[in-house]
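I have placed the structure first, in the form of structure tokens, so that the comments after it can refer back to it.
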Amino acid sequence: MSHNLPIAVGVDGSPMSLAAVRWAARAAAVHDTSLDLIAASQAPRTPVIDHVVPTSYFRAARERHEHELTQAMRFVEKEAPGVEVRQHFEQKSSRNALLTWAARCATVVVGAPGHGRVAGALTGSVAGTVAAHASCPVAVIREEGTETETDRITVGYDGSVISQRAVEAAADEAFARGSTLAIVSAWDSSTLALHGDEHLPAVDLIANRLGDVADSVKSQMPKLDVTTEVIDGDANDALTDLSQTSDLVVMGSRGRGGFAGLLLGSRVQHVLRTAHCPLLIVH
């Protein structure tokens with residue numbers, strides 16, 4: 001992930017959008033890069049073929065989004081006063097606008113509904129669609145995430161190429177923020193017909209592999225504090241639980257064994273719905 005490129009964030013005036021703007025502003029400050037605020041509005045689909053959407057609709061939409069962008073701009077100036085900020089209004093859907101900007105950004109940041117509203121319908125929403133199709137990493141921010149900073153960045157590793165990329169992105173984030181990088185791997189021994197301590201050799205193998213990954217990170221970033229952990233249990237539940245004590249959870253878009261045509265793995269979809277802190281999805 002190259003932070004020579006800017007960070008882009010979707011703006012629509014909602015509480016979850018402002019949460020995303022706050023996170024994006026701080027991320028831009030941490031990585032010493034600029035920030036693009038993206039508002040978008042698409043003409044409504046009409047049932048009558050010869051019906052023309054009046055220009056007043058577009059004028060009103062633009063005025064509304066200009067107000068939202070100005071509000072977001074002031075928000076950024078308060079959160080990260082030294083960050084260079086640009087405002088953009090796109091006459092297209094929010095999904096398409098953010099996917100277009102993903103090609104020219106280090107990270108795209110989107111807000112997601114809180115757990116008490118329509119979190120169960122996140123897949124298919126703007127956040128879910130952008131997370132699935134963006135060409136750059138996507139940070140998904142809930143409007144009511146953990147407020148207490150833990151100085152811990154957690155990344156899930158399963159040995160796949162994409163999870164290695166997730167480790168690299170997580171190390172970059174942890175180093176920039178002065179946080180601890182926690183590399184975790186989960187497996188569920190209850191699915192195996194084991195007796196006593198028969199599973200321990202497997203745990204040792206996984207732990208040794210995580211140690212190799214940690215050593216590789218440390219060779220590139222000697223001052224970075226790196227920990228490893230092997231969790232015996234469901235990976236979905238493990239990452240959700242760890243999100244309560246992390247500032248950021250980083251995941252690859254698909255894990256080992258995922259269908260090649262599946263843009264977002266089932267594990268990512270689960271954590272998207274249940275995470276308590278921001279989630280960074282790496283493709």
Original post:
Would Val108 and Val30 show up in the same hydrophobic cluster when neighbours are defined by side-chain heavy atoms closer than 4.5 Å?
Top reply: no
Original post:
Quick one: does Ser243's side chain get under 4.5 Å of Thr154's, heavy atoms only?
Top reply: no
**OP:** Dump the intermediate steps for side-chain contact (heavy atoms from CB on, under 4.5 Å) on Gln87 and Val11, then the final yes or no.
**Re:** CA-CA 10 Å; Gln87 303 178 47; Val11 175; over 6 Å; no
Original post:
Among the clusters formed by ILVMFWY side chains lying less than 4.5 Å apart, do Leu99 and Phe89 turn up in the same one?
Top reply: no
Subject >> Polar side-chain atom of Asp247 near backbone of Asp151 as donor-acceptor pair, under 3.5 Å >> reply: yes
**OP:** Compare all side-chain heavy atoms of Leu18 with those of Gln71 and state whether any distance is below 4.5 angstrom.
**Re:** yes
Original post:
Taking the side chain as C-beta and beyond, is there a heavy-atom pair between Val138 and Leu98 under 4.5 Å?
Top reply: no
Original post:
What's the spacing between Ser17 OG and Arg22 CZ if we round to 0.5 Å?
Top reply: 11.0 Å
Subject >> Sub-4.5 Å side-chain heavy-atom contact between Thr100 and Lys92 >> reply: yes
Original post:
Is it the case that one hydrophobic cluster holds both Met73 and Val109, taking links as side-chain heavy atoms less than 4.5 Å apart, direct or via other members?
Top reply: yes
Original post:
CG of Leu272 to CD1 of Ile281: how many Å apart, nearest 0.5 Å?
Top reply: 4.0 Å
Original post:
Do you know which of Val226, Val167, Thr228 makes side chain to side chain contact (heavy atoms under 4.5 Å, CB included) with Val213?
Top reply: Val167
**OP:** Please confirm whether the backbone N or O of Asp204 pairs with a side-chain atom of Asn208, one donor and one acceptor, at under 3.5 Å?
**Re:** yes
Original post:
For the atom pair OG (Ser246) and CG (Leu248), what is the distance rounded to the nearest 0.5 Å?
Top reply: 8.0 Å
Original post:
Passes side-chain contact (heavy atoms from CB on, under 4.5 Å), Met16 versus Ile141? Steps please.
Top reply: CA-CA 7 Å; Met16 65 184 186; Ile141 316 299; over 6 Å; no
Subject >> Separation of Cys105 SG from Ile7 CD1 (nearest 0.5 Å) >> reply: 8.5 Å
**OP:** Would you please test Glu68 and Leu37 for side-chain contact (heavy atoms from CB on, under 4.5 Å) and show each step?
**Re:** CA-CA 10 Å; Glu68 293 165 353; Leu37 306 175; over 6 Å; no
Subject >> Heavy-atom closest pair, residues Gly233 and Ala186 >> reply: O-CB, 3.9 Å
**OP:** Please name all residues satisfying side-chain contact (heavy atoms from CB on, under 4.5 Å) with His67, sequence neighbours left out, ordered by chain then number.
**Re:** none
**OP:** Using ring pair (Phe, Tyr, Trp, His ring centres under 6.0 Å) as the criterion, list what pairs up with Trp101, not counting sequence neighbours.
**Re:** His88
Original post:
How about Thr33 and Leu5: do any of their side-chain heavy atoms sit closer than 4.5 Å?
Top reply: no
**OP:** Mind running side-chain contact (heavy atoms from CB on, under 4.5 Å) on Leu242 and Arg152 for me, showing each step along the way?
**Re:** CA-CA 10 Å; Leu242 289 169; Arg152 170 184 168 126; 3.2 Å; yes
**OP:** Step through the shown structure and confirm whether more than 12 heavy atoms of other residues, nucleotides or ligands are within 6.0 Å of CZ on Phe75.
**Re:** yes
**OP:** State which residues pass side-chain hydrogen bond (donor to acceptor under 3.5 Å, both in side chains) with Thr180; sequence neighbours excluded, sorted by chain then number.
**Re:** Asp225
**OP:** Evaluate the side-chain proximity of Leu205 to Arg209: yes if any heavy-atom separation is below 4.5 Å, no if none is.
**Re:** no
Original post:
Judged by atom type as modelled, is there a donor-acceptor pair below 3.5 Å linking the side chain of Thr150 to the main-chain atoms of Thr245?
Top reply: yes
Original post:
What are the two closest heavy atoms between Val155 and Ala170, and how far apart are they?
Top reply: CB-CB, 3.6 Å
Original post:
Any idea which heavy atoms bring Ala97 and Ile38 closest together, and the distance?
Top reply: CB-CG2, 4.2 Å
Subject >> Main-chain N/O of Asp212 paired to Ser216 side chain as donor or acceptor, under 3.5 Å >> reply: no
**OP:** Report yes or no: does His65 contribute a side-chain atom to a donor-acceptor pair with the main-chain N or O of Ala40 at less than 3.5 Å?
**Re:** yes
Subject >> Heavy-atom closest pair, residues Leu280 and Pro137 >> reply: CD1-CB, 3.9 Å
**OP:** Not counting sequence neighbours, which residues clear side-chain hydrogen bond (donor to acceptor under 3.5 Å, both in side chains) with Arg177? List them please.
**Re:** Glu173
**OP:** May I ask you to test the Val21-Glu79 pair for a side-chain heavy-atom distance under 4.5 Å?
**Re:** no
Original post:
For the atom pair OG (Ser41) and CD (Glu90), what is the distance rounded to the nearest 0.5 Å?
Top reply: 11.5 Å
Subject >> For Gly111 against Ala20, the heavy-atom pair lying closest together >> reply: N-CB, 3.7 Å
**OP:** Give the minimum heavy-atom separation between Ala174 and Leu181, together with the two atoms involved.
**Re:** CB-CB, 4.0 Å
Subject >> Contact check, side chains of Tyr157 and Val184, non-hydrogen atoms, under 4.5 Å >> reply: no
**OP:** Applying side-chain hydrogen bond (donor to acceptor under 3.5 Å, both in side chains), name anything that partners Ser14, two or more places apart in sequence or on another chain.
**Re:** Asp12
Original post:
Sequence neighbours excluded, which residues qualify as side-chain contact (heavy atoms from CB on, under 4.5 Å) partners of Ser34?
Top reply: Pro6, Glu84, Arg86
Original post:
When rounded to the nearest 0.5 angstrom, what distance separates CG in Leu239 from CD in Gln244?
Top reply: 12.0 Å
